[in-house]
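All chains are named by letter (A, B, ...) in the order of the sequence lines, taking the proteins before the strands, and each is independently numbered beginning at 1. Computation of the quantities below employed the complete heavy-atom set of this structure, encompassing side-chain atoms and omitting hydrogens, waters and symmetry-equivalent molecules.
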Amino acid sequence: MNKITVHCTVNHKPVSVEIEPNKRLLDMLRVNLGLTSVKEGCSEGECGACTVIYNGEPVTSCCILAGQAEGADIITLEGVSVDGKPDVVQQAFIESGAIQCGFCIPGMILTAEALLMKNPHPTMEQIKEAMSGNLCRCTGYKKIEEAVALAASRM
Amino acid sequence: MSKYAVLNTEFPKVDALERALGTAKYAADYFMPNMLYSGVFRSTVPHAYVKKLNLDKARALPGVAAVLDYTAIPGKNRFGIIVKDEPCLVDDKIRRYGDALAVVAAETQELVDEALELIEVEYEELTPVKSFEEAMAPGAPIVHGQTNVHAKKHLEFGNVDEAWDKCDVIVENTYSTHILSHMFIEPDAGLAYLDEQGVMNVIASTQNPHYDRNEVAAMLGIPMNRVRVKQATTGGGFGGKLDIGVQLHVALLAWHTRRPVKMVRSRTESTMVSSKRHPITMKCRTGATRDGKLVAVDVVMTCDAGAYGSYGPAVIGRAPVHIVGPYECPNVRCDAVFAYTNNPMCGAFRGFGVPQAAVCHEGQMNALAKALNMDPIELRLRNAHKVGTVIPTGQTLTESVGFTDTLLKAREKALEVMPEAMARLKTE
Ligand code: FES
Ligand code: FES
């Protein structure tokens, strides 16, 4: 299969990736760029584990072909922390006890980051709605919602 | 200040930081140089003999490193957490939809999928056993060995038969719980490689690395000190990753190819073959006095445990001893039978049968409250376990019996947050 070259910005740096045209953005990030914080839970847009921030919006990277990402600005969890230290949202997740197995957490944190970028002071209802596309099998969501509220209160 | 160093004190989870940063490595996050990808060819019928399995075309595909069936297994081909009844790769017959018939390792995941398409199988189908009733019917096809009875338990406490005379009210109901998938958010995954010392290393998403080690060693026919299993950060299990997942298949492929082999199940495959919660039917007769004291409970418990034993023997041990829940009852009997069928395998799932039993004892408490025209919480308080209670196993509870306090607190909270529902409870 002839490869294509995708040029985009990943975690604030320009990259160009040679990749088979049938690969998903998820594969490009995980395999070609080694950004394994991006998780695959369902492969069909249901669970939100593969969420990345894509041109400012949280999107499921399992549902986007790598080629579609030409020119896009993409942020994964690796691009959120500063010098290996947690940012305010990550810190709030840790302090709130919102992390159990952790597999849903990259998607959860990125969805929360995208919300807070647009709306730094969301209501609990807005938090719940923004987080509703991300499934968690461990926590029961309450502490995740509290974590987002805690992060917002520190913004 | 708390008088304890730990209780009532908040601590961050020890490994929360790497999970928040995204640096924690789950099984699918491991990559090795020279690594092969792999997959499993699975049955599409629930009960059958394999008449023909043609692996030649798959083997001939360039880029395929190995296509193996059961004949490639150097050691034992039976595993299972309590009863060794499940094959690594089917040898005698298929017992459920999704049984593993062959494994493939190739240079890319696409090649694995292509090779799996090239495998041809011919079945000689057998009548499938689809329910507990079918399994127990005379002349039923047998799933394993000589009988479809997978496990039996009998619990007897006091004298149930003589107790009915002392009851003012008797309620009789049948409860069934359904089969349930854990749906852990991380599909099963793992990687195996032989190191320079000839040790088989398996990195996996698992809840049971020590058991996995025994199974891998037995399957390869090598001593345990030549197998090392490492639990990767695991994305949820809830009991569903106690049974071995991809570990045997990657180990077998790494053994034959002498290269690292990785396997990641799709959500579909993971849901198809991982264990399930036991669906249990409980036919229950409960008797009590006019003032709401339990006198006797008699239960017949049946279960379609699926194709393999898994944690069934543990579940059938727990469910009957919890059949009256946190309530005192001087006369209890429970007869439980679990049957093998050709349905998905049932195993451990958060509570080993205890949640299923709760559906029965709580249902009966509500039914009894209705029959006695009594507040259902009051009825529970009258029967609640306390220090000194003798439970149906014969054990006397001597300490740490917090049920009454819990119930009172729950009532307080319920009155606060759902007053209308609580008022309805009184009038119903
Ligand atoms: S893996 Fe993309 S939404 Fe589940
Ligand atoms: S923490 Fe396990 S799925 Fe959310």
Side-chain angles (χ1 to χ4, degrees), chain A residues 1 11 20 22-23 27 29-32 34-44 46-50 52 62 76-87 89-110 134-139 143 147, chain B residues 9-32 35 37 63 108-111 113-114 180-189 191 205-207 231-241 262 264-271 274 349-350:
Chain A
M1 201 179 293
N11 296 334
E20 293 86 358
N22 63 351
K23 294 287 185 186
D27 306 310
L29 294 169
R30 280 183 57 82
V31 182
N32 300 68
L35 300 169
T36 52
S37 76
V38 188
K39 298 296 182 227
E40 183 165 9
C42 71
S43 326
E44 54 184 43
E46 291 292 343
C47 73
C50 66
V52 297
C62 68
T76 70
L77 199 55
E78 288 87 346
V80 163
S81 35
V82 221
D83 303 325
K85 299 238 161 47
D87 84 338
V89 181
Q90 290 168 314
Q91 186 59 35
F93 269 70
I94 296 171
E95 284 177 34
S96 305
I99 302 174
Q100 289 191 31
C101 83
F103 202 77
C104 71
I105 292 301
M108 289 284 181
I109 291 178
L110 290 169
N134 291 74
L135 298 184
C136 176
R137 283 294 284 129
C138 303
T139 64
K143 293 193 172 184
Chain B
T9 314
E10 294 205 2
F11 283 92
K13 192 173 155 63
V14 281
D15 47 8
L17 179 63
E18 47 269 42
R19 292 176 201 217
L21 294 174
T23 53
K25 275 178 112 176
Y26 296 76
D29 301 339
Y30 287 83
F31 292 85
M32 287 183 77
M35 183 182 89
Y37 292 81
T108 66
Q109 193 60 51
E110 284 79 6
L111 282 168
D113 297 340
E114 234 178 282
L180 202 63
S181 183
H182 307 79
M183 213 48 77
F184 32 77
I185 209 96
E186 177 210 24
D188 321 62
L191 183 145
S205 174
T206 175
Q207 293 179 263
Q231 182 192 13
T233 303
T234 296
F238 318 113
K241 287 176 183 167
K262 176 169 171 172
V264 182
R265 283 186 185 159
S266 68
R267 172 60 60 192
T268 308
E269 187 180 18
S270 170
T271 307
S274 60
F349 192 147
R350 304 205 67 174

**Study point:** Partner chain B: residue of A:E20, A:E78, A:K85, A:K39 with the largest heavy-atom pair count (under 4.5 Å)
**Key:** A:K39
Point to revise | Max heavy-atom pair count under 4.5 Å with chain B, selected residue of A:T36, A:T76, A:I109 | key: A:T36
**Study point:** Lys/Arg N to Asp/Glu carboxylate O, B:E110 vs A:K23, below 4.0 Å
**Key:** yes
Check your understanding: Hey, what do you get for SG (A:C104) to CD (B:E186), rounding to the nearest 0.5 Å?
Key -> 12.0 Å
**Study point:** Rounded distance (nearest 0.5 Å) linking atom CZ of B:R19 with atom CG of A:L77
**Key:** 13.5 Å
Practice item. Select one option (side chain, backbone, both, neither) describing which atoms of A:I105 are under 4.5 Å from chain B's heavy atoms. Key: side chain
Check your understanding: Does any heavy atom of chain B fall under 4.5 Å from the side chain of A:E40, the backbone, both, or neither of them?
Key -> backbone
Point to revise | Residues which pass side chain to side chain contact (heavy atoms under 4.5 Å, CB included) with B:L111, listed by chain and number, not counting sequence neighbours | key: B:L61, B:A106, B:E107, B:T108, B:E114
**Study point:** Qualifying residues under side chain to side chain contact (heavy atoms under 4.5 Å, CB included), relative to A:C138, sequence neighbours excluded
**Key:** A:Q100, A:C101, A:C136, B:F238
Check your understanding: Does the B:R267 side chain pair with the main chain of A:E44, one donor and one acceptor, at a distance under 3.5 Å?
Key -> no
For the residue pair [X] and [Y], what are the closest heavy atoms and their distance?
{"X": "B:I185", "Y": "A:L135", "result": "CD1-O, 3.6 Å"}
{"X": "A:R137", "Y": "B:H182", "result": "NH2-O, 2.7 Å"}
{"X": "A:G84", "Y": "B:L21", "result": "O-CD1, 3.5 Å"}

Looking at [options], which one has more heavy-atom pairs under 4.5 Å with chain A than the rest?
{"options": "B:S270, B:S266, B:G22, B:A24", "value": "B:G22"}
{"options": "B:A20, B:G235, B:G236", "value": "B:A20"}
{"options": "B:D29, B:T234, B:T233", "value": "B:D29"}

Point to revise | chain A contact via B:A28 - which portion, at a heavy-atom distance below 4.5 Å | key: both
